[in-house]
Q: 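The structure that follows is given in the form of structure tokens.
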Amino acid sequence: MKNQQIADIFNEIAELLELKNENVFRIRAYRRAAQNIGDLSKDVASLSYEELEAVPGIGKDLAAKVREFLETGRIAKHEELKAAAPGGLLELLRVPGLGPKKAKLLSDKLKVKGIDELEAAVRAGRLSGLPGIQKRTEENILKGIELLKRGTERRPIGRVLPLAEEIVRRMRSSAPVDQIEVAGSIRRWKDTVKDIDILATSRDPAAVMAAFVKLPQTNRVLAHGETKSSVITDDGIQVDLRVVDKDSFGAALQYFTGSKQHNIKLRERAVRAGLKINEYGVFREPGEKKIGGAKEEDVYRALKLAFIPPELREDAGEIEAALEGRLPDLVTLADIKGDLHVHTKWSDGSHDLDTIVQEGRKRGYRYIAVTDHTKGLGVAHGLDEQRLREQMRLIARANEKLSGFTVLAGTEVDIRADGRLDLADEVLAGLDIVVASIHSGFKQPQEQITRRLLAAVRNPCVSVIAHPTGRLLGERDAYAVDLEGVLKEAAKYGVAMEINAYPLRLDLNDLHIRMAKGYGVPLVISTDTHVANQFDYMAYGVSVARRGWVEKRDVLNTLSCEQLIKRLKACRSRKKREKASA
DNA sequence: GCCGTTTTCGGCCCGACTGTTTTCAGTCG
């Protein structure tokens, strides 16, 4: 998919136009288009011209530019702008605190090409005498460069959410806060996040600000105002805290949860309806009479919209859906009846079957599937046919003693480099559930990986494809795969795609999930638990599913055990019939 | 550059903090 490449180019065009001091609305148009193309749940190349122009923020001109890129691999306007900009100027924009105006000034007057030269120029005192630049600005540029070098990339939500919760706990105990909540992209459960946004109410905002900048995690204070402060933690993560009045909390929570695009669209609607929305509330003009703000619901109600859950707020059609009363009834953690991807000591898990059962019951589940690795994964003590049969007997005995809870006999069978499965069909056929996944050959060309996954989908015993793209956030990119092709085939046979809830996987991701749902592919949400506490990762999986507009009925492990088994059997017989008739 | 239950032209979300300024531009979210 070329979506992200095109989005990146549009964003760069926006930056280049900004440096030329172009019309800000034109710049915004490029940014908006970039966002919407990046978030598209379909390959832009597969869209007709009409469909392309129907994408919000894409008109005739930008549709033509998308086409141009798809046909030639470049956009002339982009090349032109790049050629006209002084070398290294774009790089300067990456320094936090350095915007287009100052970057342009530094590039023009000092001819610095890139960040290293800028740093040298500051240290050599070459900035003194430039208009609007004093000692403080020089210091801030150096700090910004240091921040940039330390890395400001997005981090997996699983690495940041625990820190956010810890900060909230500390603020509760050490400052006079009343309400306090994490907002921003964490509240929307984006799979990666850049910073932590926290919102609070208090009768003494100054005391809250003071306590915040003195948190033990604080490494540097970026801003310390009366109601808003920002710090960088020892881990290099920026945390913003904002304090508002109690009767503005809802409006502020809505505002700081974002996304930016979602909010812009809401405010545009507000303006058309004679309203004004800001972080303090909803106001009716003229006279600015406040008509709401204490609750987040106030904002949506004022705009005559159904309440939109945070996970959907990406300006990806949710506002239109809310208008037309067709918002999805999103799946919740409470809907999940069992976990269908769990490892035990038999392969590389940490616990025996009894412990796993206890932990599953503790979470209110009605069933779990034991899906240990297969022999091809030697490092994981994968099971061969004989050990798997042994484990199946153990599970059968365990089930005899259990009531109201079922252990499904399963496996996470390895899809080998040549596309064959790691265990014979005769053995697989005796299992309740067969989860297939790729653990090797990540660098293979797209055709080969796609062929492997298609073979697994078509195998009469396979019911689920686990972590279908193989990505590990911050560590390994998804392998090259024609996911759309795999999804279509999965839909044909009723094979489920897994939403792997392990926080570094979240695979399928939100966009893939929405695509899968579009094709009618059944989904399962599973944790891939190796250690008992990892059962709790289900919350991440459910949240990414919600970001993919998933409803309870789309998810197989919301079914009762009996219904689930029926569905799994139906999938198998459909494939067998197909095979027999072929 | 996009877009329309006021509009095919004339709008386009809104506010906090900082630093360099004496009332505001730049940056950020």
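Letters go in sequence order (proteins before strands), and every chain restarts at 1.
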Q: Salt bridge or not for A/Glu22 and A/Arg26, using N-O below 4.0 Å?
A: yes
Q: What string of B, S and - do you get for nucleotides 19-25 of chain B, 5' to 3', if B is base contact, S is sugar-phosphate-only contact and - is no contact with any protein heavy atom under 4.0 Å?
A: SSS----
Q: Is there a Watson-Crick or G-U wobble partner for B/dC28 with both distances under 3.5 Å, and which nucleotide is it?
A: B/dG15
Q: Counting distance only, does the side-chain N/O of A/Glu318 pair as donor-acceptor with the main-chain N or O of A/Glu314 below 3.5 Å?
A: yes
Q: What are the residues of residues 305-325 of chain A, sorted by number, that bring a heavy atom to within less than 4.0 Å of DNA chain B?
A: none
Q: Going by atom types only, do A/Glu484 and A/Tyr519 share a side-chain donor-acceptor pair under 3.5 Å?
A: yes
Q: Indicate for each nucleotide in nucleotides 5-16 of chain B, in 5' to 3' sequence, whether protein heavy atoms under 4.0 Å reach the base (B), only the sugar-phosphate (S), or nothing (-).
A: -------BBBSS
Q: Relative to the ring of A/His262, is the ring of A/Tyr300 parallel (under 30°), tilted (30 to 60°) or perpendicular (over 60°)?
A: tilted
Q: Run the salt bridge (charged side-chain N to carboxylate O under 4.0 Å, His left out) test against A/Lys65 and tell me which residues pass, sequence neighbours left out.
A: A/Asp61
Q: Both A/Val95 and A/Ala63 contact DNA chain B. Which one's nearest nucleotide lies toward the 5' end?
A: A/Ala63
Q: Rounded to whole Å, please give me the gap between CG in A/Asp240 and P in B/dG29.
A: 7 Å
Q: Please list residues of residues 64-72 of chain A whose heavy atoms come under 4.0 Å from any atom in DNA chain B, ordered by number; otherwise none.
A: A/Lys65
Q: Just checking A/Lys60: base, sugar-phosphate only, or nothing, at a heavy-atom cut-off of under 4.0 Å?
A: sugar-phosphate
Q: Quick one: side-chain contact (heavy atoms from CB on, under 4.5 Å) partners of A/Arg28, sequence neighbours excluded?
A: A/Phe25
Q: Answer with yes or no whether the side chains of A/Ser230 and A/Asp240 bring together a donor and an acceptor at under 3.5 Å.
A: yes
Q: Taking all non-hydrogen atoms of both residues into account, name the closest pair between A/Ser128 and A/Glu138 and its distance.
A: N-OE2, 3.7 Å
Q: So, using side-chain contact (heavy atoms from CB on, under 4.5 Å) as the criterion, who are the partners of A/Thr227 when residues are at least two apart?
A: A/Arg242
Q: CD1 of A/Ile37 versus C1' of B/dC2: gap in Å, rounded?
A: 13 Å
Q: Sequence neighbours left out, what pairs pass ring pair (Phe, Tyr, Trp, His ring centres under 6.0 Å) with at least one residue falling in residues 165-208 of chain A?
A: A/Trp189-A/Tyr540
Q: What is the glycosidic conformation of B/dT7: syn, defined as within 90° of 0, or anti?
A: syn
Q: Under a 4.0 Å heavy-atom cut-off, which of residues 181-189 of chain A touch DNA chain B?
A: none
Q: Heavy atom of residues 103-127 of chain A under 4.0 Å from DNA chain B: which residues?
A: none
Q: Would you find a donor on one side and an acceptor on the other, under 3.5 Å apart, between the side chain of A/Glu51 and the backbone of A/Ser48?
A: yes
Q: Taking the side chain as every heavy atom from C-beta outward, state whether A/Phe283 and A/Ile277 have any pair of such atoms under 4.5 Å apart.
A: no
Q: Provide the full list of ring pair (Phe, Tyr, Trp, His ring centres under 6.0 Å) pairs with a residue in residues 200-246 of chain A, sequence neighbours left out, each pair given once.
A: none
Q: Return each pair, listed once, that meets salt bridge (Lys or Arg N to Asp or Glu O under 4.0 Å) where at least one residue sits in residues 209-224 of chain A; pairs must be two or more places apart or across chains.
A: A/Glu146-A/Arg220
Q: Hey, are A/Asp245 and A/Ser248 close enough side-chain-wise for a donor-acceptor pair under 3.5 Å?
A: no
Q: Taking atom types as modelled and ignoring hydrogens, do the side chains of A/Gln261 and A/Asn263 form a donor-acceptor contact shorter than 3.5 angstrom?
A: no
Q: For the residue pair A/Asn219 and A/Asp234, confirm or rule out a side-chain donor-acceptor distance under 3.5 Å.
A: yes
Q: Under a 4.0 Å N-O cut-off, is there an ion pair linking A/Arg187 with A/Glu181?
A: yes
Q: Would you indicate what A/Ile27 reaches in the nucleic acid, counting non-hydrogen atoms under 4.0 angstrom: base, sugar-phosphate, or nothing?
A: nothing
Q: Assess whether a salt bridge exists between A/Glu551 and A/Lys517, defined as any Lys/Arg side-chain N lying under 4.0 Å from an Asp/Glu carboxylate O.
A: yes
Q: What integer distance in Å separates A/Gln35:CD from B/dC2:P?
A: 17 Å
Q: Would you kindly compare A/Leu93 and A/Gly59 by the position of their nearest DNA chain B nucleotide and give the one closer to the 5′ end?
A: A/Gly59
Q: Take the protein atom CG of A/Leu222 and the nucleotide atom C1' of B/dT27, then report the distance between them rounded to whole Å.
A: 13 Å
